[in-house]
Number of protein chains: 2
Amino acid sequence: MSRPKTRIQQKNSQAILEAALDVFSAQGFRGATLDQIAEVAGLSKPNLLYYFPSKEAIHETLLKRLLDTWLDPLREMKADGDPIAEIMTYMRKKLELSQHYPRESRLFANEILQGAPRIRFAIEGELKDLVAEKSKILVAWMEAGRIARMDPVHLIFSIWALTQHYADFDMQVRAVLGEGHDPFAEAGGFLDMLYQKLLAP
Amino acid sequence: MSRPKTRIQQKNSQAILEAALDVFSAQGFRGATLDQIAEVAGLSKPNLLYYFPSKEAIHETLLKRLLDTWLDPLREMKADGDPIAEIMTYMRKKLELSQHYPRESRLFANEILQGAPRIRFAIEGELKDLVAEKSKILVAWMEAGRIARMDPVHLIFSIWALTQHYADFDMQVRAVLGEGHDPFAEAGGFLDMLYQKLLAP
DNA sequence: TGATGTTTTGACCAAGTGGTCAGATGTTGC
DNA sequence: GCAACATCTGACCACTTGGTCAAAACATCA
């Protein structure tokens, strides 16, 4: 069922993944139940299992799709651009992911929190390699005196931490800010300012 | 059973909470089972329920204890200290909590991720009030020109995000850094530098 | 020692879980 | 219209889950 052929397969697989994203991101893998997913998707439980062989398989499909989306912004950071603009753009794109795909962010957070049992391989491979590659670019920029010197990997961690916080801890952010705030707009301004200061050579 | 009297009650309640912290922080509330907790605690399941009336009750006890520890460092930020030193100390203490109490950090993260169903009241009350109070101090420091001007609440969010990241995403941090790194030592240096630059008037 | 209270446990339960399956119902192309 | 296939479902299953309970084992102290 990995490559839906008919219109109806397309539609139902999609609905299941959409529903599963809702449920998994809110409850974690073990906390989510097939009954919940089925209900949200508007299908019967046996029907879910007609499209996916198991709960595991749904989760896995979701994580696989997620990872690419998640890494894309970092992939786009290019050595030949303006250093500060490139980093700023990366940070902004990550913040937009947090804003527009908070369920994906939480799904990912849940997975890492629990020791990444299902995507450890990707973290230790793809992600690690990508960070190593981009770190080289950052170091080159530092050595050329175009941004301030610092640990490049922790610089990347800081972007992840600061942007994902607004998706993963959304509930807390909104509760603490109270009414009449636009968390993501404010975060955008704050993080722009922060990285301007941090990166200035 | 909230106030253990005998030696044995003291010891077993403690063992249960310790085991529950292990399991809840790693699996989330729904993902954790009483059998797992009982096994880690070295007790039988019915014996667990002799000390605590329900799974809920164990979780609740854990969260209640956690909250105070968690807020203490912020409470200690005093208006009459040196602004930069006070904020730096707060950041350092939060980082130390991440380092020495990662399970507590993850327990908290799990709870917030899932919409804080069990501590919403504390987030909207105690925590919100404390942040409001400390924000006033930060703003006063900004107006006195002793630290740079910025949104004080997002400044606090940034400290939470950057320090908790090293506990909650520990697996990712270690995987990406690879062998031969001391994540928390490096984070300490990086965050010192970051906040020096950010706060300088 | 025995009487009294505390702690522990095996056996049990009802509800919920992921998953199966035979067959019913739709859909499609001839 | 009908054969062939895709889709869907109710009934069911084995297992796990949180929780109960009566009785057993243990501790304490007169």
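Each chain gets a letter, A, B and so on, in the order the sequences are listed, and its residues count up from 1. Note that the structure is a prediction, hence the values are computed from the model and not measured.
Considering only heavy atoms from C-beta on, W70(B) comes within 4.5 Å of L97(B) through its side chain. With a 4.5 Å cut-off on side-chain heavy atoms, L74(A) and K94(A) do not count as touching. For the pair L199(B)/P83(B), no side-chain contact is recorded, criterion being any heavy-atom separation below 4.5 Å from C-beta on. Taking the side chain as every heavy atom from C-beta outward, P117(B) and E111(B) approach each other to under 4.5 Å. Side-chain atoms of N47(B) and I16(B), non-hydrogen and from C-beta on, never get closer than 4.5 Å to each other.
Straight-line distance from the NE2 atom of H59(A) to the C1' atom of dT17(C): 17 Å, rounded to whole Å. Nucleotide dT7(D) holds its C1' atom 18 Å from the CD atom of Q14(A), rounded to whole Å. Here dA24(C) presents its P atom at 18 Å from OH of Y50(A), a figure rounded to the nearest Å. Summarising the geometry, the separation between CG on N12(A) and P on dA6(D) is reported as 15 Å, rounded to the nearest angstrom. One can place CD of Q9(A) at 14 Å from P of dT27(C), the figure rounded to the nearest angstrom. As rounded to whole Å, 11 Å separates atom C1' of dT7(C) from atom NZ of K11(B).
A heavy atom closer than 4.0 Å to some atom of DNA chain C occurs in no member of residues 18-31 of chain A. Of the residues in residues 33-49 of chain B, those lying under 4.0 Å from DNA chain C by heavy-atom distance are S44(B), P46(B), N47(B).
Closest to the side chain of K55(A), from the set dA6(D), dT8(C), dG18(C), is dG18(C).
With sequence neighbours left out, E86(A) forms a salt bridge (charged side-chain N to carboxylate O under 4.0 Å, His left out) with no residue at all. Residues forming a salt bridge (charged side-chain N to carboxylate O under 4.0 Å, His left out) with D68(A) (at least two apart in sequence, or on another chain): R75(A). Residues meeting the side-chain hydrogen bond (donor to acceptor under 3.5 Å, both in side chains) test with D192(B), sequence neighbours left out: R92(B).
Ring geometry for W160(A) against F157(A) counts as tilted: the plane angle lies between 30° and 60°, on a 0 to 90° scale.
No donor-acceptor pair under 3.5 Å is formed between the side chain of R174(A) and the backbone N or O of P183(A).
Neither side chain, S105(A) nor Y166(A), offers a donor N or O lying under 3.5 Å from an acceptor on the other.
Axis angle between the ends of the helix from dT1(C)-dA30(D) to dC30(C)-dG1(D), five pairs each and rounded to 10 degrees, works out to 10°.
Among the protein residues, A32(A) comes within range of the sugar-phosphate backbone only, with heavy atoms under 4.0 Å from sugar or phosphate atoms but none that close to a base.
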